[in-house]
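Data block below; observations after.
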Amino acid sequence: MVEKEEAVSHFIVDMIEKDVAEGRHQQIMTRFPPEPNGYLHIGHAKSICLNFGLAEQFGGVCNLRFDDTNPTAEDVEYVESIKDDVRWLGFDWEDRLYFASDYFEKMYQYAEELILAGKAYVCTLSPEEFKEYRGVPTRPGTPSPWRDRPIEENLDLFRRMRAGEFSDGEYVLRAKIDMSSPNLHMRDPAIYRIKHAHHHRTGDSWCVYPMYDFAHGLEDAIEGVTHSICTLEFEVHRPLYDWLLDQLSVPCHPQQIEFARLNLTYTVMSKRKLLELVRDKVVWGWDDPRMPTVSGLRRRGYTPESIRAFCRKIGVTKMGSLTDIALLEHCIREELNASAPRAMVVLDPVKLIIENYPEGQVEYLDGVNNPEDPEAGTRPVAFTRELYIERGDFMEEAPKKFFRLKPGQEVRLRYGYLVTCTGCEKDPVTGEVLAVTCTYDPETRGGNAPDGRRVKGTIHWVSKPECADLPVRLFDRLFQVEQPDDVPEGGSFRDYLNPESCEQIVAKGEAMLLDTEAGVRCQFERNGYFVVDEKDSQPGKPVFNRIVPLKDSWGRQHKN
RNA sequence: UGCCCGGUCGUCUAAAGGCAGGACAGCUGGUUUUGGUCCAGUCAGUGGGGGUUCGAAUCCUCCCCGGGCAACCA
């Protein structure tokens, strides 16, 4: 951890506190157990903060363990990205990097132990056939005809499964539990299947792989995990988790605890859907700044601190919920308001001509780098007769409460002079405003009038001859509706994709911004927070991503 | 219609039989050289009916609503 964050409290903390008070454990051990079949998203970040946070809070440790028991879906690319993301979020697994695949031999031995105990059998039924035998929630199942295969035969068949004598799906090893259990997961679940597949770590040394339900509890027990924290959908698996550990000679019996996964408005969180967006090139990749992936948020400009703050604020419960993405945005604004240096950048430029300002003259005015941080100092900002201002900061016919430029109204050019709007030049055909005109008061250098008169509006600007062209991407939410998952019959979450989620423009900004290095964040005054894209920028040629816009009480009330 | 889990301001979440509180969002006002920030204020909630109790968001009961579970995925 980068810094100590204040302790949190929720039902899992309470449970562990109780266990500690009762002297149940020498040391608390949790784990973050991703399957390397996709990139981590903000929901995983919640789990990471929870597991690593708990370990830290109780003076224990948290392992990073890859649950790589299904070679057909997994890949080293994912392993590496996941390690990067966990590290970036600020967590350290030290020397405890584990892989389920490292336990394959042990798990295989446990499977034989289960067979020997008469608690597992090799089943010849196909998946379709077993589906019939399993029954439905309202009707008990019927035993597989192979349920009472003799132990010796089971052992022989299982060994031959491992030896590669059979093809995929020909046999499966099942736990022998209760075909009439109201919990479907207890109706003789498959625990080992044959898969002649190349594993990204064990290569071709195995052709049988353990199923999640069999493997996960063993992985936890082998490592000595005390609290095995997972999401709500595994709640119905807990009886199986416990049953298995009770049957086998494992070193310990970890406690599975379930919490509600994170859902966020205006996004999708399932790996399947995120993968689809990547595969179909709807987005640029897993790290597209619009993606809720950790790498996407990172490229978007979110900081690890802001994501951890978010995870702290959302809490941990068992209530299914949908968190407003505004809370995430609040967290990054809160941090960047305090830390990000400011700059003036005009996103949608229109020329402003100061009619009484000498042609050819350049003045360098002091721009405050961060009003929230006096230590940040000031910088020189070039001021000239022709400037660029935001097109939206001028209205020829404006409502009374429009504090910006309109004919006859005086406004402040931030850190510059007070100017009074005299009118505008328009294209006689289209009516488009080509330039706004004004006069300045030479007595107001820096922005204050000696006579004490006040202006309501302050606008940002850049010098036309002294500014730089800056490529900027204005990101918006990827989906247009709060719940893209909530789709009517026959529809798809993709129907809700926002066609305007990435507007690419060339803005006019202070020339010094050309020197901004990749990954550096700053505030474009009156606009939002931006970061220099790590991938698409070159030294001296930054490309800016908008992280989040500033709150805008004017725009909010006057949209269209 | 089987089993499991869950229902507290719009949203997320506290209150472990004793004043329903915070954060986000919204709204109002103040300050302000960012219509930002900050400050003050405000709106707003225990799904419903019974019961236990001096006292119930909390315990019991019935109902209602939401989610999960029938991969050789995790």
Side-chain angles (χ1 to χ4, degrees), chain A residues 9-11 14 33-35 37-38 67-70 72-74 123 125-127 130-131 134-141 168-174 181-187 189-195 208-209 211-213 215-216 230-239 258 260 262 265 271-272 313-331 333-334 337-338 342 344 368 371-372 401-404 411-416 418 446-448 454-460 482 523-528 549-558:
Chain A
S9 173
H10 48 71
F11 79 101
D14 294 345
E35 184 192 12
N37 67 344
D67 205 1
D68 54 351
T69 58
N70 181 10
T72 49
E74 298 154 7
C123 183
L125 258 24
S126 71
F130 189 74
K131 196 175 171 169
R134 182 172 39 226
V136 291
T138 50
R139 294 262 176 281
D168 289 9
E170 209 172 331
Y171 291 102
V172 66
L173 183 69
R174 293 188 181 287
S181 170
N183 182 341
L184 282 315
H185 296 280
M186 298 299 270
R187 319 243 266 225
I191 56 175
Y192 257 93
R193 77 288 217 189
I194 301 171
K195 258 184 200 279
V208 289
Y209 293 94
M211 299 286 292
Y212 167 86
D213 283 311
H216 205 87
C230 60
T231 43
L232 248 30
E233 67 269 27
F234 291 100
E235 208 156 18
V236 279
H237 295 241
R238 179 153 32 98
E258 310 84 14
L262 171 68
T265 54
K271 278 195 200 174
R272 196 209 96 221
K313 283 178 201 274
I314 57 178
V316 179
T317 67
K318 297 190 70 158
M319 298 185 271
S321 61
L322 177 63
T323 299
D324 192 338
I325 196 154
L327 185 58
L328 214 213
E329 296 177 341
H330 163 78
C331 290
R333 284 197 192 103
E334 186 177 47
N337 174 55
R342 312 284 115 141
M344 292 199 285
V368 175
E372 303 293 316
K401 295 187 77 169
F402 184 76
F403 303 142
R404 287 110 87 159
V411 304
R412 173 164 38 236
L413 296 176
R414 188 144 163 91
Y415 306 131
L418 299 187
N448 286 310
R454 327 266 306 170
V455 293
K456 285 289 273 185
T458 299
I459 65 173
H460 62 281
E482 280 200 348
Q523 184 196 101
F524 292 178
E525 293 216 44
R526 300 211 303 136
N527 263 309
L550 250 33
K551 291 220 285 182
D552 177 10
S553 58
W554 172 259
R556 197 193 310 127
Q557 287 168 10
H558 296 83

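Convention: sequence-line order gives letters A, B, ...; per-chain numbering from 1. Just so it is clear, the values below take in all heavy atoms, side chains as well, and ignore hydrogens, waters and symmetry mates.
To the nearest angstrom, P of B:C4 lies 14 Å from CZ of A:Arg187. B:G22 atom P lies 17 Å from atom CG of A:Leu327, rounded to whole Å. For the pair A:Arg333 CZ and B:C38 C1', the computed distance is 16 Å after rounding to whole Å. Spacing between atom CG of A:Asp14 and atom C1' of B:U13 amounts to 14 Å, rounded to whole angstrom units. Whole-Å rounding puts the A:Asp324 CG to B:U11 P distance at 10 Å. One interatomic measurement links the two molecules: CD1 of A:Ile325 to C1' of B:G10, which rounds to 17 Å at whole-angstrom precision. Across the protein-nucleic acid pair, A:Arg556 atom CZ and B:C24 atom C1' stand 13 Å apart, rounded to whole Å. Across the protein-nucleic acid pair, A:Asn527 atom CG and B:G35 atom P stand 11 Å apart, rounded to whole Å.
Between the C1' atoms of B:A44 and B:A20, the separation comes to 13 Å (whole Å). Separation of the C1' atoms belonging to B:G51 and B:U13 is 30 Å when rounded to the nearest angstrom. Distance check on atom C1': B:C5 versus B:C9 gives 24 Å, rounded to whole Å. Comparing B:U1 with B:G10, their P atoms are spaced 28 Å from each other, to the whole Å. Between the P atoms of B:A15 and B:G66, the separation comes to 27 Å (whole Å). The gap from the C1' atom of B:A16 to that of B:A23 amounts to 22 Å, rounded to the nearest Å. Taking atom P on both nucleotides, B:G47 is separated from B:C12 by 14 Å, rounded to a whole Å. Comparing B:A70 with B:U46, their C1' atoms sit 36 Å apart, to the nearest whole Å.
In this view, A:Thr72 and A:Asn70, A:Lys195, A:Ala197 satisfy the side-chain contact (heavy atoms from CB on, under 4.5 Å) rule, not counting sequence neighbours.
Each of A:Tyr415 and A:Ser321 was matched to the nucleotide of RNA chain B holding its nearest heavy atom; the match closer to the 5' end belongs to A:Ser321. Each of A:Ser9 and A:Gln523 was matched to the nucleotide of RNA chain B holding its nearest heavy atom; the match closer to the 5' end belongs to A:Ser9.
Here B:A23 is in the anti range [glycosidic angle more than 90° from 0].
Between atom CD1 of residue A:Ile325 and atom CD of residue A:Glu482 there is a gap of 10.5 Å, rounded to the nearest 0.5 Å. Remark: A:Asp213 CG to A:Ile191 CD1 distance equals 10.0 Å, nearest 0.5 Å.
In this structure, A:Leu322 reaches the sugar-phosphate backbone alone: every heavy-atom distance under 4.0 Å involves primed, P, OP1 or OP2 atoms, never a base. Within 4.0 Å of A:Pro140, counting heavy atoms only, lies no atom of the nucleic acid at all. Residue A:Phe402 is classed as a base contact, given a heavy-atom separation below 4.0 Å to a base. Residue contacts for A:Thr317: at a heavy-atom cut-off of 4.0 Å it reaches the sugar-phosphate backbone alone, with no base atom in range.
Checking the phosphate oxygens (OP1, OP2) of B:A25, a side-chain nitrogen or oxygen of A:Lys551 falls inside 4.0 Å. Contact annotation: A:Arg139 does not reach the phosphate of B:G2 (side-chain N/O to OP1 or OP2, under 4.0 Å). Side-chain nitrogen and oxygen atoms of A:His460 include none within less than 4.0 Å of the OP1 or OP2 phosphate oxygen of B:U34. The phosphate of B:U1 has neither OP1 nor OP2 within less than 4.0 Å of any side-chain N or O from A:Thr138.
Contact annotation: the side chain of A:Pro34 never approaches that of A:Asp67 to less than 4.5 Å [non-hydrogen atoms, C-beta and beyond]. Looking at heavy atoms from C-beta onward, A:Asp14 lies in side-chain contact with A:Ser9 at the 4.5 angstrom threshold. Considering only heavy atoms from C-beta on, A:Glu233 stays 4.5 Å or farther from A:Glu258 through its side chain. Residues A:Thr323 and A:Thr265 have side chains not in contact (no heavy-atom distance under 4.5 Å, counting atoms from C-beta outward). Using a 4.5 Å heavy-atom threshold, the side chains of A:Phe402 and A:Trp554 count as touching.
You'll find that the side chain of A:Asp552 is closest to B:G35, out of B:G7, B:U37, B:G35. Comparing B:U34, B:C27, B:A14 by their closest approach to the side chain of A:Gln557 singles out B:C27.
Cation-pi geometry between A:Arg174 and A:Phe130 is met: under 6.0 angstrom from the ring centre, within 45 degrees of the axis.
For A:Arg404 against B:G35, a side-chain N or O and a base N or O form a donor-acceptor pair under 3.5 Å.
Stem list for RNA chain B (at least 3 consecutive Watson-Crick or G-U pairs, distances under 3.5 Å): B:2-7 with B:64-69, B:10-13 with B:21-24, B:26-30 with B:38-42, B:47-51 with B:59-63.
Note: A:His237 and A:Tyr212 have perpendicular aromatic rings, judged against thresholds of 30 and 60 degrees for the angle between ring planes.
Between the side chain of A:Arg526 and the backbone N or O of A:Met344 there is no donor-acceptor pair closer than 3.5 Å.
Inspection of the A:His460 and A:Arg414 side chains reveals no N or O donor paired with an N or O acceptor under 3.5 Å.
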- Task: Would you mind building the protein contact string for nucleotides 67-74 of chain B? One character per nucleotide, 5' to 3', B for base within reach (heavy atoms under 4.0 Å), S for sugar-phosphate only, - for untouched.
- Result: -BSBSBSB

